[in-house]
2 protein chains.
Amino acid sequence: MYTISEISRLTQTTAHTIRYYEKEGLLFPTRTASGIRRYDETQLTWLRFVLRLRATHMPIDQIREYVELFLASSDKHDTTRDRLRLLEAHQQNVRDQLAELMQTEQLITEKIATYRKHHPSVAEETLRPI
Amino acid sequence: MYTISEISRLTQTTAHTIRYYEKEGLLFPTRTASGIRRYDETQLTWLRFVLRLRATHMPIDQIREYVELFLASSDKHDTTRDRLRLLEAHQQNVRDQLAELMQTEQLITEKIATYRKHHPSVAEETLRPI
DNA sequence: GCTTGACTTAGAGTAAACTCTAACTTGTAG
DNA sequence: CTACAAGTTAGAGTTTACTCTAAGTCAAGC
């Protein structure tokens, strides 16, 4: 069981942010009798996944929605389908971002090549066409 | 020569945002005698490049810095090197984002596969380890 | 018991990038 | 000439995701 500072160090995330994620309904650490947060391996793994989703720009609201579906799931009300739908939507989002990044990487590489060729005073675009 | 609404339509960007970019020093349209903005092909191409940089999360401040270097360039003070440095820094940034996205895409794909296999009531993680 | 560093809370503050409003001016079609 | 759509401005407001502060409580070593 980890304290917040250990989790903070292990995930390279400030304790402030970790508490903020809890307030936003993304994390549920247990507490000691005196109210101090305790995190186990499961929570650590989950936080790492959340950080991955955030790094790929999944909004906190959507992550919370995913968590809520998870917590709401039961025998008579299974939320698997909805969670799958959320994951698939984000997967598409990630793929769109990949496409945009690859195109832009290509464009920047070309621009860099032009800069290196025409070394002094590059033409490229006349931003202010006066 | 395009009006702001034409540019807006051509780039799928609101006129508000286009004016905001101008205020932030990223665009320099010419003006009619009465003060109405006019954009030529060069400005359109430049805006499209700016939108690419934004879509790959280059901060507006850095784009402005790039523009300022471009405008400041002259025979006695060539800024090519600095612009190249900025582009290379962003290129690295884009590559880092690509790496993160590819890893996360992989992870999500695995998770989706697990969901599809264990269809009802997926185990994955027990978020609230009570 | 005392100090010291880590923990707690509610709530305020910040940064970035838009996004909108209000009041006004300009351009165009009838 | 008139209507009205589209343009203009300064500046206020919004959203998202943190980030920090203040005032206090808890835990461990001496």
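Here is how names work: the chains are called A, B, and so on, in the same order as the sequence lines, proteins then strands, and each is numbered from 1.
Between A:Thr17 and D:dA17 there is no side-chain N or O to OP1 or OP2 distance below 4.0 Å. Applying the 4.0 Å criterion to OP1 and OP2 of D:dG7, one finds that B:Arg38 has every side-chain N and O outside that range. At D:dG7, none of the side-chain N or O atoms of B:Arg37 fall inside 4.0 Å of OP1 or OP2 (strictly under the cut-off).
Mapping heavy-atom proximity under 4.0 Å, the span of DNA chain C touched by chain B runs 5' to 3' from C:dA17 to C:dG27.
For B:Arg85, the salt bridge (Lys or Arg N to Asp or Glu O under 4.0 Å) test picks out B:Asp82, with sequence neighbours left out. Applying the side-chain contact (heavy atoms from CB on, under 4.5 Å) criterion to A:Glu110, with sequence neighbours excluded, gives A:Gln106, A:Leu107. With sequence neighbours excluded, the residues satisfying ring-ring contact (aromatic ring centres under 6.0 Å, His included) with B:His57 are A:His57. Residues that satisfy the side-chain contact (heavy atoms from CB on, under 4.5 Å) test with A:Leu10, not counting sequence neighbours, are A:Tyr2, A:Leu44, A:Arg48. Residues satisfying the salt bridge (Lys or Arg N to Asp or Glu O under 4.0 Å) test with B:Arg52, not counting sequence neighbours, are A:Glu100. With sequence neighbours left out, A:Thr56 forms a side-chain hydrogen bond (donor to acceptor under 3.5 Å, both in side chains) with A:His90. Remark: A:Arg95 engages B:Glu105 in a salt bridge (Lys or Arg N to Asp or Glu O under 4.0 Å) (not counting sequence neighbours).
Counting any heavy atom pair closer than 4.0 Å across all strands shown, A:Thr3 reaches sugar-phosphate atoms only and no base atom.
Residues A:Ile60 and A:Arg54 have side chains in contact (heavy-atom distance under 4.5 Å, counting atoms from C-beta outward). Looking at heavy atoms from C-beta onward, B:Thr14 lies out of side-chain contact with B:Tyr20 at the 4.5 angstrom threshold. B:Tyr39 has its side chain within reach of B:Ile4: a pair of non-hydrogen atoms, C-beta onward, lies under 4.5 Å apart.
As a whole-Å value, the separation of B:Lys23 NZ from D:dT9 P is 10 Å. Distance, A:Met58 CE to D:dT16 C1': 15 Å, rounded to whole Å. Rounded to an integer number of Å, the gap from CD of A:Glu65 to C1' of D:dT16 is 17 Å. For the pair A:Arg54 CZ and D:dT19 P, the computed distance is 11 Å after rounding to whole Å. In this structure, B:Tyr39 atom OH and D:dT8 atom C1' are separated by 12 Å, rounded to whole Å. Counting to the nearest Å, the P atom of D:dT19 and the CD1 atom of A:Ile4 are 14 Å from each other. Taking atom CD of A:Gln12 as the reference point, atom P of D:dT19 lies 14 Å away to the nearest angstrom. Summarising the geometry, the separation between CZ on A:Arg64 and P on D:dC18 is reported as 13 Å, rounded to the nearest angstrom.
For residues 97-104 of chain B, proximity to DNA chain D is found at no residue, defined as any non-hydrogen atom under 4.0 angstrom from a strand atom.
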Given the rule in the side chain to side chain contact (heavy atoms under 4.5 Å, CB included) test, do B:Thr80 and B:Arg83 qualify, once you have shown the distances and angles that lead to the verdict?
-> CA-CA 5 Å; B:Thr80 308; B:Arg83 278 179 278 158; 3.6 Å; yes
Steps toward side chain to side chain contact (heavy atoms under 4.5 Å, CB included) verdict (A:Glu88, B:Ile112) | CA-CA 7 Å; A:Glu88 282 168 345; B:Ile112 286 173; 3.7 Å; yes
Would B:Tyr21 and B:Leu51 satisfy side chain to side chain contact (heavy atoms under 4.5 Å, CB included), going step by step from the backbone distance to the final call?
-> CA-CA 10 Å; B:Tyr21 283 174; B:Leu51 292 171; 3.9 Å; yes
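Sequence order on DNA chain C of the closest nucleotides to B:His16 and B:Pro59 puts B:Pro59 first from the 5' end.
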Could you tabulate the donor-acceptor pairs under 3.5 Å formed by side-chain atoms of residues 22-29 of chain B, not counting sequence neighbours?
unit_1  : atom_1 : unit_2  : atom_2 : d
B:Glu22 : OE1    : B:Arg37 : NE     : 2.6
B:Glu22 : OE2    : B:Arg31 : NH2    : 3.0
B:Glu24 : OE1    : B:Arg64 : NH1    : 3.2

Show me the protein contacts with nucleotides 24-27 of chain D, counting only N or O atoms at under 3.5 Å.
unit_1 : atom_1 : unit_2  : atom_2 : d
D:dC26 : O3'    : A:Ser34 : OG     : 3.2
D:dA27 : OP1    : A:Ser34 : OG     : 2.8

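For the helix from C:dG1-D:dC30 to C:dG30-D:dC1, the rotation axes defined at the first and last 5 base pairs enclose an angle of 10°, given to the nearest 10°.
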